[in-house]
Every structure is written in structure tokens, then in C-alpha cells.
Number of protein chains: 2
Amino acid sequence: MLELAILGFLYDAPLHGYVLRRHIAALTGHVRPVAESTLYPAIKRLEKAGLLVRASEPGAVAAPRHVLRLTEEGGRELMRRLAEPAQREITDENHWFTLLAFLRHLADPAAQAAVLRRRLAFLEEPASFFYEGDRPLSAEELDDPFRRGVLTIARATSRAELAWLRDTLASLDRVGR
Amino acid sequence: MLELAILGFLYDAPLHGYVLRRHIAALTGHVRPVAESTLYPAIKRLEKAGLLVRASEPGAVAAPRHVLRLTEEGGRELMRRLAEPAQREITDENHWFTLLAFLRHLADPAAQAAVLRRRLAFLEEPASFFYEGDRPLSAEELDDPFRRGVLTIARATSRAELAWLRDTLASLDRVGR
DNA sequence: ACGGTATACCTCGGCACCGATGTATGGTGC
DNA sequence: GCACCATACATCGGTGCCGAGGTATACCGT
């Protein structure tokens, strides 16, 4: 998730670590903050894997900074991660939102649609959070107001997302024809 | 999150690891599966911390099983984690839903309401995923259909949750009076 | 002069998590 | 007779993540 965000931001423009950090904080920081001690090692990992290069530059304001630039291999890796996300990226909202934030980088509308269809298939599966045996329970069947809240909120999210997915898939199909 | 779920399920009734695993899979598995190799060490951690005890019992079907039972300290720890959740438990939906699934265990309606109010405060903060400088962008201002989707979905979730939170807080206040 | 804050990057220890793999038993299908 | 699956628990190596702490520069207010 973090690596995807790094690759996604750098695909737009080279950045140095500090600005990248602020971009990531804006994207997901209110929900799931990323520590500096997580970001810098992640950058080094990606550098070691040949996905980005660092160039030292005199600091505009303070200490010298390392401008990060995607390599060609880094661009290809971003495309792979966008086009063939792991199942976790599809099911976990945090991961999914990060993926959506950069899905526009995938040039082919058919490839974009294929990813959306995976999410659609996931949302269309009958799934709950609470069961009686194997039978999913609906909000109305629960006495617990907090568990009822979970289902109420999840249902509202699901409805909004299904509507958006169907709309967006329809318009991607129009482009693809 | 995992530890909270373990404590929460065991508070209802003693269980052995395998059944606990299926309970957890039902609760959060469709979004974020938990590996066996994560669950068993987590159980050992909690045992080592004195929050639960394991009792060997001849296996009903197969191998002998370890029935897990919360200690008194385990019950107190659950109450602490429910009443004073870390900020991550409030902001991250995955964590938050797990907390909600067990919030009924917190006996005091005022304490339950205090937790809901922390979530309410978080949701009422103006926050987006995308910014122009410091100004949060609305869905309508975005060209990117995927980023627009993120905001559309997040807004629907937020609305449903705010309505539920206000309803539930009102009824908790009625009980508390 | 000095503290506070923002910029800018880094290391280290500890720990949670995961995939792969191992070890059993017993029931079901072919 | 044998494969397969469900039950039931466990270890191990690798890795990602985090908090705490460290090292600088530069500007602003007092």
C-alpha cells in the first residue's frame, strides 16, 4: 500500500522524501498515518529494487535533499501493481482507496474496468460481519446497537460504491467501444 | 485489532483456537483475512501477559484442543481497550468496526457514548483525500473518475455513519438520564 | 542569545504479521 | 485402498512497520 503510493506519486513527478511524505499524509494520513521510519526504509527498498533513483540536490531551505525519480522499471512495476492487485488490495478499503487514487495511471480503459470488476465481484458476494451458523445476519436482526451500526454503515458504503462502480464501468465501456 | 477480537470473543464464552479462528474469519475475514500463523502467536502473547489461560481437553473430533478462557485481568484489559482505544482504532475503519463489534461489553452507557463521541469528532473534522495546496477538493472538482469515486464513497459512508452516531448517542443519553 | 518550529534525512531495536511447512486424527467420496 | 478435506495446533524465516532517538540547517519571535 505504501509502496504503491510512492510509485503512484512519483509517476506524476519527481519529488524528494519530505514532500512525498506530505503527499502521503494528505492521502491516507487522517485514517492511517505513516511514520517517517516507515517511509524512508520503503524508499530505500524501492531504490534497491531499481524502481527509483535518488539524486542529491542542495536543499532549497535546509538540509540537502534527495530527489526521487521513477525508473522505467519503476513505471512498469506501478502498472503491474495497478493492473494485477493482490486480493487484499481489492477487499481492504484502505488498500482499495490507495489503488483508486492512482488507477488513472493505467492507460487502458479495459484494464481499468477489469480492476473495477474485481471489486464489483467482491461487493456482490453475500457477506456480513455477523452470522448465525452460516446464515449472515441483517441489521434488523441484531439487538446490539453497535453491531447494527456496523451493518448499517457497511450497507450504505456498499450501495454507494456499487452505484459508482456501475456508472463508471458503463462509461469506461463507452470509451472502449 | 486481532487481540481485541480475541478478548472480545472470549469474553462471551471460552473457546478453543480453531473455533476462535472461524469467529474471527467471519467478523473480518472477507476484508482482511487472519493467518493461522498470526493467531496462535497472538494467543500465546495474551497467555503470557496473563490475560487468558489455556486448558487442554481431549479433542472432540481430532487432535487435543486448548480451551481458552479469559482471566479477570483479561476482562479488565478488554474494558480498558474498549474504553480508551488508541487513535488508530478510532480513525481506521477496520479497527473501528472491530471495536464496535464488542463495544456492548462496556457496561456503562456513558463510557460507550464517550467512545462514539471520539469517532464523531473525527468524522466532523474537515478532511479529504485530495488537496490543492491546503484546500480539500470536493468530488465535483476532480476530473479523475477514480478519485471522484473515492470521495463519493467516503462521503456516503460518512453521512450514514454520522446519522447512526447521532441516533445512537441520543438513545444512549436517554438511557443515562 | 535562545527556544521553537519547519525542513530534511537517517538508524536501531522490537514486534506483529505472513507464507510455507510440519504433525496428528478422523470422516467422506470414489 | 487412497486421496482429500476438516479438525486442531505449532514453528520458522523473512519482512514491514513503528516509536524513540539522532543530525543538520534556517527562520521567526522575544
Side-chain angles (χ1 to χ4, degrees), chain A residues 1-7 14-25 28-29 31-49 51-52 54-68 81 86-89 91-92 94-95 98 133-134, chain B residues 1-7 14-26 28-29 31-49 51-68 81 86-89 91-92 94-95 98 133-134:
Chain A
M1 205 177 101
L2 174 59
E3 293 183 3
L4 184 66
I6 296 173
L7 296 174
L15 295 171
H16 59 275
Y18 198 81
V19 170
L20 180 59
R21 183 162 142 68
R22 281 199 282 106
H23 278 44
I24 290 171
T28 57
V31 168
R32 180 180 265 278
V34 171
E36 266 184 81
S37 51
T38 303
L39 177 62
Y40 286 110
I43 289 171
K44 290 209 166 165
R45 267 199 315 277
L46 297 177
E47 189 195 14
K48 207 174 157 191
L51 306 183
L52 58 82
R54 289 194 296 174
S56 251
E57 202 179 73
V61 182
R65 43 194 204 178
H66 292 167
V67 175
L68 311 171
R81 293 191 192 209
Q87 194 56 18
R88 184 73 122 264
E89 318 286 319
T91 62
D92 187 327
N94 291 326
H95 291 243
T98 304
D134 279 342
Chain B
M1 204 178 101
L2 174 58
E3 294 184 3
L4 184 65
I6 296 173
L7 296 174
L15 295 170
H16 58 276
Y18 198 82
V19 170
L20 180 59
R21 183 163 143 66
R22 282 198 283 105
H23 278 44
I24 290 171
T28 57
V31 168
R32 179 179 266 279
V34 171
E36 267 184 81
S37 50
T38 303
L39 177 62
Y40 287 111
I43 290 171
K44 289 206 170 170
R45 264 196 319 273
L46 296 177
E47 190 195 13
K48 208 173 155 191
L51 306 183
L52 57 83
V53 288
R54 289 194 295 176
S56 250
E57 202 180 75
V61 182
R65 43 192 206 180
H66 293 166
V67 175
L68 312 171
R81 292 191 192 210
Q87 194 56 17
R88 184 73 123 263
E89 318 286 318
T91 63
D92 187 327
N94 294 148
H95 291 244
T98 303
D134 279 342

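For the numbers below, each heavy atom of this structure counts, side chains included, while hydrogens, waters and symmetry mates do not. In what follows, chains are A, B, ... by sequence order, proteins preceding strands, each numbered from 1.
- Note that NZ of K44(B) is 8.5 Å distant from NE2 of H66(B), once rounded to the nearest 0.5 Å.
- Counting to the nearest Å, the P atom of dC17(D) and the CG atom of D92(B) are 14 Å from each other.
- A close approach under 4.0 Å does not occur between any side-chain nitrogen or oxygen of K44(B) and OP1 or OP2 of dC9(D).
- At dA16(C), one or more side-chain N or O atoms of R45(B) fall inside 4.0 Å of OP1 or OP2 (strictly under the cut-off).
- Applying the side chain to side chain donor-acceptor pair (under 3.5 Å) test to pairs two or more places apart or on separate chains, none has a residue in residues 33-42 of chain A.
- Ranking dA8(C), dA10(D), dC10(C) by closeness to the R65(A) side chain, first place goes to dA8(C).
- Whole-Å rounding puts the K48(A) NZ to dT15(D) C1' distance at 12 Å.
- Contact check, T38(B) against dC18(C): a side-chain N or O comes under 4.0 Å of OP1 or OP2.
- Just one residue in the list L68(A), L7(A), L2(A) forms a side chain to side chain contact (heavy atoms under 4.5 Å, CB included) with L46(A), and that residue is L7(A).
- To the nearest angstrom, C1' of dC17(C) lies 15 Å from CE of M1(A).
- Nucleic acid contact class of R32(A) (heavy atoms, under 4.0 Å, all strands): none.
- What separates CD1 of I43(B) from C1' of dC9(D) is a distance of 9 Å, to the nearest Å.
- Remark: R54(A) is in phosphate contact with dC10(C), judged by side-chain N or O atoms under 4.0 Å from OP1 or OP2.
- Closest to the R22(A) side chain, of the nucleotides dC17(C), dT7(C), dG16(D), is dT7(C).
- With distances taken from any side-chain atom of A35(A) to the nucleotides dT11(D), dT11(C), dG19(D), the minimum falls on dG19(D).
- For the helix from dA1(C)-dT30(D) to dC30(C)-dG1(D), the end axes, each set by the C1' atoms of five terminal pairs, are bent relative to each other by 30° (nearest 10°).
- Of all nucleotides listed (dA10(D), dC9(C), dC18(D)), dC9(C) comes nearest to the side chain of Y18(A).
- Residue H16(A) has its side chain nearest to dA8(C) when only dA8(C), dC18(C), dC17(C) are considered.
- Judged by distance alone with a 3.5 Å cut-off, no donor-acceptor contact links the side chain of E36(B) to the base of dC18(C).
- Side-chain atoms of R65(B) do not come within 3.5 Å of backbone N or O of L15(B) as any donor-acceptor pair.
- Take R45(B) and apply the salt bridge (charged side-chain N to carboxylate O under 4.0 Å, His left out) test, not counting sequence neighbours, and it matches E3(B).
- The CZ atom of R88(A) sits 11.5 Å away from atom CE of M1(A), with the distance rounded to the nearest 0.5 Å.
- Protein atom OH of Y40(B) is 15 Å distant from nucleotide atom P of dC18(C), rounded to whole Å.
- Rounded to the nearest 0.5 angstrom, I6(B) CD1 and E47(B) CD are separated by 12.0 Å.
- Distance L39(A) CG to dC18(D) P: 10 Å, rounded to the nearest Å.
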